[in-house]
Amino acid sequence: MSVDGAAPALLSWYDVHARALPWRAPPGAPPADPYRVWLSEIMLQQTTVAAVRPYFARFTERWPDVAALATADEGELMAAWAGLGYYARARNLLACARAVAKDHGGRFPDSEQGLRALPGIGRYTAAAVAAIAFGRRAVVVDGNVERVVARLFAVEEALPAARPRLHALADRLTPARRTGDFAQAMMDLGATICTPRQPACAICPLMTMCAGRATGDPARFPVKAPKAARPQRRGTAFWLERDGEVLLCRRPARGLLGGMLALPSGPWTADDPGLAGAPAEAGWRDAGHIAHVFTHFALDLRVVTALTGERTIAGQWWPVERLAEAGLPTVFAKAAERARSLMEIA
DNA sequence: AACCCGTGGAT
DNA sequence: TATCCAAGGGT
């Protein structure tokens, strides 16, 4: 089975079926603004198009170009990112914008190598921006491309070990011209037709050249190594209120939810930590608990509340009525919601 | 190289 | 309900 006609067939399909997205140029058109391409690529890392849309709209409204973003206040940017997840992306986003402003005269490098050196831009994103924003030939391999290629060639080797093989196969398919459209076409194909479950082979432009389809069970690809079980942890979050304000803290710059505002909370461990790590001695009352699932562990978070008159507790007092503006990550937004529902009764 | 890092929607 | 998974990068 030959895949010689894969790129032309895919591009013809893309000319008709390309998704219209706010950060994307129409098929065959000149490339979109590199700033918007870059911003969308960072937001789309491990994140669905539907989740990104409203964030992309708010960011481009608030910071219309890389020069504006480079001058953003870090706290404001982190708050704007709140809820989107993987918060290291937001910290790197700002660092990258500042590097472009300071070291590159306000313009993104137009080569993979130049892009790859910037914070938050790895192998995939460097290739994607080079191809999509600058028309460079680059081998763009994301999760969609891995799936499409694994099926097209019926690759039996399991991920993640198969990555180098899949990259080499993607290289074979990638055309010298319209590389940006080709990359986006592969991703659209993966998102709409060559989906993880129940691929719509009957309407696929690559149907006749797909070895995976020929096996009769294309959904079996890509083969994946089994994953480790997700451990359960328990913790306590503390809602301490004083004169209509609640105590928040800024989490350390690195690590889980790094750099984000949060409710004070003790250790998150296999055993219930009780009131360990409480920000003050107080008459803590139980407000119930919330469940939250992170990438590599699940959390059962008890929420406790107290009132205080103490004025010397370290942290940031935030008006309860304006808590939405604080930009709490989702786990703490859930905890805060639970605490407030109980405080209003009291 | 393995592990860490969020969230919400679909099945 | 549990599992999967989405335009990955950093260390």
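Residue numbers begin at 1 in each chain, while the letters A, B, ... track the order of the sequences.
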Inter-nucleotide P distance (dG6(B), dT11(C)), Å rounded:
14 Å
Work out how far the P atom of dT11(B) is from that of dA7(C), and round it to whole angstrom.
15 Å
Heavy atoms only, 4.0 Å cut-off, all strands: where does [X] land among base, sugar-phosphate and nothing?
X       : value
I132(A) : nothing
G83(A)  : sugar-phosphate
L84(A)  : base
R19(A)  : base

[X] [atom1] - [N] [atom2] separation (whole Å):
X       : N       : atom1 : atom2 : value
L301(A) : dG6(B)  : CG    : C1'   : 15 Å
Y86(A)  : dG9(C)  : OH    : C1'   : 10 Å
K227(A) : dA2(B)  : NZ    : P     : 16 Å
W81(A)  : dT7(B)  : CH2   : C1'   : 13 Å
Y14(A)  : dA7(C)  : OH    : C1'   : 12 Å
R89(A)  : dT11(C) : CZ    : C1'   : 18 Å
Q184(A) : dA7(C)  : CD    : P     : 13 Å
R116(A) : dG8(C)  : CZ    : C1'   : 11 Å

Taking the minimum atom-to-atom distance to the side chain of [X], which one of [options] wins?
X       : options                  : result
T330(A) : dG8(B), dG6(B), dA7(C)   : dG8(B)
T125(A) : dA7(C), dG6(B), dG8(C)   : dG8(C)
P196(A) : dA6(C), dG6(B), dA7(C)   : dA6(C)
T48(A)  : dA6(C), dG6(B), dA7(C)   : dA6(C)
Y87(A)  : dA6(C), dG6(B), dA7(C)   : dG6(B)
R197(A) : dA6(C), dG6(B), dA10(B)  : dA10(B)
D142(A) : dG6(B), dG10(C), dA7(C)  : dA7(C)
V331(A) : dG10(C), dT11(C), dT7(B) : dT7(B)

How about CZ on R19(A), more than 12 heavy atoms from neighbouring residues, nucleotides or ligands closer than 6.0 Å, or not?
yes
Within 45 degrees of the ring normal and closer than 6.0 Å to the centroid, is that where the cationic atom of R340(A) sits relative to W239(A)?
no
Which label fits H292(A) and F294(A): parallel for a plane angle under 30°, tilted from 30 to 60°, or perpendicular past 60°?
perpendicular
Tell me whether the rings of F56(A) and W23(A) are parallel (<30°), tilted (30 to 60°) or perpendicular (>60°).
perpendicular
Check whether any side-chain N or O of [X] sits under 4.0 Å from OP1 or OP2 of [N], and answer yes or no.
X       : N      : value
H292(A) : dG6(B) : no
K224(A) : dC5(C) : yes
Q45(A)  : dG8(C) : no

Has T215(A) got a side-chain atom pairing as donor or acceptor with G212(A)'s backbone, closer than 3.5 angstrom?
yes
Side-chain (R251(A)) to main-chain (A262(A)) donor-acceptor, under 3.5 angstrom:
no
Could I get the full list of salt bridge (Lys or Arg N to Asp or Glu O under 4.0 Å) partners for E325(A), not counting sequence neighbours?
R322(A)
Assess whether one donor atom and one acceptor atom, taken from the side chain of T47(A) and the base of dG6(B), lie less than 3.5 Å apart.
yes
For H296(A) and for Q198(A), locate the closest nucleotide of DNA chain B by heavy-atom distance; then report the residue assigned to the nucleotide nearer the 5' terminus.
H296(A)
Comparing F297(A) and A50(A) on DNA chain B - which has the more 5′ nearest nucleotide
F297(A)
Contact nearer the 5' end of DNA chain C, comparing D188(A) with R254(A)
D188(A)
Residue mapping more 5' on DNA chain C - nearest nucleotide basis, W23(A) or R230(A):
R230(A)
